[in-house]
Amino acid sequence: MGSGSRFALQKWRATHLADDPLDSPERRAPARAPRAETVRITNREKVYWPALGLTKGDLIDDDRAVSPLLLPHLRDRPVHLRRFPDGIEGKSFFHKHAPAHTPDGVRTVRLARSDAEQSIEHYVCDDLRSLLYLVNLGSIDLHPWGSTVLSPETPDRLIFNLDPVAAGFAATVRVARELGKRLRGIGLQPVLKTSGSRGLHLVISLQPSYSYEQIGMFAEAVARLVVRDLKEIATIERSPARRGNRVYIDTLQNRRGQTVVPPYVVRPVRAASVSVPLDWDELDVSLPPSSFPFTEVLERFQLRGDLAAPLCEQAEDIAPAIEAIVRSLGGGDGTP
DNA sequence: GTGGACG
DNA sequence: CGTCCACAACGCTGG
DNA sequence: CCAGCG
């Protein structure tokens with residue numbers, strides 16, 4: 001690591017960590033004094049990743065260290081947990097209802113279900129204490145919504161999930177490049193990241209102006225155009241059997257109540273990898289997405305900075321992009 | 001991993 | 001007190 | 001109608 005990046009890290013720490021990372025002054029009553037970290041962590045020694053010998057304590061330590069990078073992608077969002085109380089090879093379950101015994105200090109929000117028949121109390125992970133509490137429950141990857149509690153029905157994230165299935169990573173890279181090019185061509189700036197599993201994600205930060213349904217339709221239309229150009233290697237076919245060896249461009253995550261794996265979250269996979277943002281010029285066949293176990297992410301941050309920061313810094317107006325897509329679909333270039 | 005229900 | 005159990009959910013598609 | 005899918 002060069003001194004330049006060391007300096008960048010220090011500067012970043014100074015602005016992001018401050019004295020009390022638990023406090024978020026613009027939205028909270030001023031604290032009298034920084035509060036001690038009071039979350040009780042249990043079973044630190046339990047092995048979560050047997051192949052690597054990594055424990056729950058290792059995960060907790062990593063989440064604490066990476067929290068300034070991760071929390072901005074969780075803040076104000078309903079979050080679903082996926083819990084692995086006995087590590088990645090044990091039983092797991094999703095958990096979305098925040099029970100009545102949820103401690104004070106872990107925010108929850110009651111939202112109507114999509115059918116409006118009932119409402120559900122959701123967790124919201126706004127700060128380090130909440131993060132550690134939720135991870136102590138056995139959560140490995142947290143799954144935030146693509147919209148915030150401020151306007152739950154209008155997403156501020158647009159996600160394309162490229163799943164290689166049997167297509168291989170080289171084809172996935174080609175599809176990602178093409179999709180990225182097309183999105184930039186209609187004025188959007190997608191952030192590229194590994195899924196932490198096998199695939200790649202392209203994520204766009206949106207002004208929350210459209211419904212999930214509208215955003216989902218837009219995403220599918222874009223995916224359709226990419227498939228038109230790359231028929232041999234890309235598909236939006238939902239049935240796995242009919243995908244063949246093509247990369248699946250999954251746009252179904254742009255739906256209410258669906259979730260989007262955020263940058264910097266650890267995945268419950270053997271390699272203990274993280275969903276890591278990439279520079280577009282890093283995108284290469286030689287970069288398998290299982291790269292970057294959580295043990296290497298801070299080091300990578302020191303070299304590359306926070307490549308996901310744009311997602312939290314600027315929200316894009318998608319209206320011109322929608323118009324452009326409508327034009328190209330209606331433009332009579334062969335699509336019935 | 002943990003609280004609540006059951007016996 | 002020891003055990004057992006729950007811990008999401010929804011529209012779409014293919015069969 | 002049910003099962004699989006994400």
Chemist: Using 4.0 Å as the upper bound for N to carboxylate O, is an ion pair formed by A:Arg107 and A:Asp76?
Modeler: yes

Chemist: Starting at atom CZ of A:Phe84, determine the distance to atom P of C:dC7, rounded to an integer number of angstrom.
Modeler: 18 Å

Chemist: Taking the side chain of A:Arg255 as its heavy atoms from C-beta onward, which of C:dC10, D:dC5, C:dA8 lies nearest to it?
Modeler: C:dC10

Chemist: Under 3.5 Å, is there a donor-acceptor pair between the A:Gln253 and A:Asn161 side chains?
Modeler: yes

Chemist: Of all the choices, B:dG1, C:dC7, B:dG3, which nucleotide is nearest to the side chain of A:His95 once you look at every atom?
Modeler: C:dC7

Chemist: Using the C1' atom as the point on both nucleotides, what is the distance between B:dT2 and C:dA9, in whole Å?
Modeler: 23 Å

Chemist: Considering only side-chain heavy atoms of A:Arg242, which listed nucleotide, C:dC7, B:dG3, C:dG14, is closest?
Modeler: C:dG14

Chemist: Using atom CZ of A:Phe93 as one end and atom C1' of C:dC7 as the other, report the distance to the nearest whole Å.
Modeler: 5 Å

Chemist: Please check the phosphate of D:dG6 (OP1 and OP2 only) for any side-chain N or O of A:Asn254 closer than 4.0 Å.
Modeler: no

Chemist: Are A:Tyr123 and A:His97 close enough that their ring centers fall under 6.0 Å?
Modeler: no

Chemist: Quickly work out the A:His101 NE2 to B:dG1 C1' distance and round it to whole Å.
Modeler: 10 Å

Chemist: Of all the choices, C:dG14, C:dA8, B:dG1, which nucleotide is nearest to the side chain of A:Thr42 once you look at every atom?
Modeler: B:dG1

Chemist: Rounded to whole angstrom units, what separation is found between the OH atom of A:Tyr248 and the P atom of C:dC12?
Modeler: 14 Å

Chemist: Nearest to the A:His97 side chain among D:dG6, C:dT13, C:dA8, which nucleotide is it?
Modeler: C:dA8

Chemist: Round to the nearest Å and state the distance from A:Gln258 atom CD to C:dC10 atom C1'.
Modeler: 8 Å

Chemist: Does the Lys NZ or Arg CZ of A:Arg256 fall within the cation-pi geometry relative to A:Tyr212 - under 6.0 Å from the ring centre and within 45° of the axis?
Modeler: no

Chemist: Strictly below 4.0 Å, N to O, side chains only: are A:Asp86 and A:Lys91 in salt-bridge contact?
Modeler: no

Chemist: Would one find a side-chain N or O of A:Lys96 under 4.0 angstrom from OP1 or OP2 of C:dC7?
Modeler: no

Chemist: Using a heavy-atom cut-off of under 4.0 Å over every strand shown, decide if A:Ile120 touches base, sugar-phosphate, or nothing.
Modeler: sugar-phosphate

Chemist: A:Arg243 has a side chain; which of C:dC7, D:dG6, C:dA9 sits nearest to it?
Modeler: D:dG6

Chemist: Check the distance between C:dA8's P and A:Arg82's CZ and give it to me in whole angstrom.
Modeler: 15 Å

Chemist: Contact class for A:Arg256 vs. all strands (heavy atom < 4.0 Å): base, sugar-phosphate, or nothing?
Modeler: nothing

Chemist: Between C:dC7, B:dT2, C:dA8, which one does the side chain of A:Phe94 approach most closely?
Modeler: C:dA8

Chemist: Can you tell me how far C1' in C:dA8 sits from the matching atom in D:dC5, rounded to whole Å?
Modeler: 15 Å

Chemist: Are side-chain N/O atoms of A:Thr108 and A:Glu121 paired as donor and acceptor at under 3.5 Å?
Modeler: yes

Chemist: Report which part of the nucleic acid A:Asn136 touches: base, sugar-phosphate, or nothing (heavy-atom distance under 4.0 Å, all strands).
Modeler: sugar-phosphate

Chemist: Is the distance from OP1 or OP2 of B:dG1 to the nearest side-chain N or O of A:Lys56 less than 4.0 Å?
Modeler: yes

Chemist: Among C:dC12, C:dA8, D:dC5, find the nucleotide with the atom closest to the side chain of A:Pro240.
Modeler: D:dC5

Chemist: Of the nucleotides C:dG14, B:dG1, C:dA8, which has the atom closest to the A:Asn43 side chain?
Modeler: B:dG1

Chemist: Would you mind classifying the nucleic acid contact of A:Tyr48 as base, sugar-phosphate or nothing, using non-hydrogen atoms under 4.0 angstrom?
Modeler: sugar-phosphate

Chemist: Round to the nearest Å and state the distance from A:Leu137 atom CG to C:dA6 atom P.
Modeler: 19 Å

Chemist: Nearest whole Å is fine: how far is C:dC7 P from A:Leu142 CG?
Modeler: 20 Å

